[in-house]
J.: 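Here's a structure for you.
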Amino acid sequence: MGILTSSIGRMPPFPEVIATLGKIREADFRLAIISNTDDAGIAGNIAQLGGYIDRVIMAEQAQVDKPAPQLFQYAWKTLGVERQQTVYICASPQLDLVAAHDLD
């Protein structure tokens, strides 16, 4: 594992993230993260998010990586929601935007 990869879990969120998550929660949304990172790799990031994350769905759990639609189908089933009940906010144009486009 490289230095960058091993340090990702210690990287703090951007300053506006915690307040934004709080506003989203106040609007009665539940928050989940869907990530290709393994369970151990993301734990530090989740701990820094102020307790706003309700669930974390990992590619490791679903046994498939983004942009495969099976990861999102696994997440919907795990969360007990339908596709139409979700809003997808993404970070990676190569993985996330491709996946979101293919889901519609």
J.: How many angstroms lie between CD in Glu16 and NZ in Lys23, if you round to the nearest 0.5 Å?
T.: 10.5 Å
J.: Output all residues satisfying side-chain contact (heavy atoms from CB on, under 4.5 Å) with Gln61, sequence neighbours left out; order by chain, then residue number.
T.: Asp39, Ile57, Met58, Tyr74
J.: Could you tell me the separation between the CG atom of Leu49 and the CD1 atom of Ile53, rounded to the nearest 0.5 Å?
T.: 5.0 Å
J.: I want to check something: taking the side chain as every heavy atom from C-beta on, are Asn36 and Leu71 in contact at a cut-off of under 4.5 Å?
T.: yes
J.: Can you tell me which residue pairs pass the ring-ring contact (aromatic ring centres under 6.0 Å, His included) test with a partner in residues 76-96, sequence neighbours excluded?
T.: Phe72-Tyr88
J.: Do Leu79 and Gln85 come close enough that some side-chain heavy atom pair is under 4.5 Å?
T.: no
J.: Which pairs, with at least one residue in residues 62-72 and sequence neighbours excluded, count as a salt bridge (charged side-chain N to carboxylate O under 4.0 Å, His left out)?
T.: Lys66-Asp96
J.: Sequence neighbours excluded, which residues qualify as side-chain contact (heavy atoms from CB on, under 4.5 Å) partners of Pro69?
T.: Gln73, Leu103
J.: Return the minimal non-hydrogen interatomic distance between Met11 and Gln48, and the atom names on each side.
T.: O-NE2, 3.2 Å
J.: How many angstroms lie between CZ in Arg55 and CD1 in Ile34, if you round to the nearest 0.5 Å?
T.: 11.0 Å
J.: Under the side-chain contact (heavy atoms from CB on, under 4.5 Å) test, which residues partner Ile24, sequence neighbours left out?
T.: Thr20, Phe29, Leu31
J.: With heavy-atom distances below 4.5 Å as the criterion, would you say the side chains of Ile18 and Pro13 are in contact?
T.: yes
J.: Restricting to salt bridge (charged side-chain N to carboxylate O under 4.0 Å, His left out), what partner residues turn up for Arg25, sequence neighbours left out?
T.: Asp54
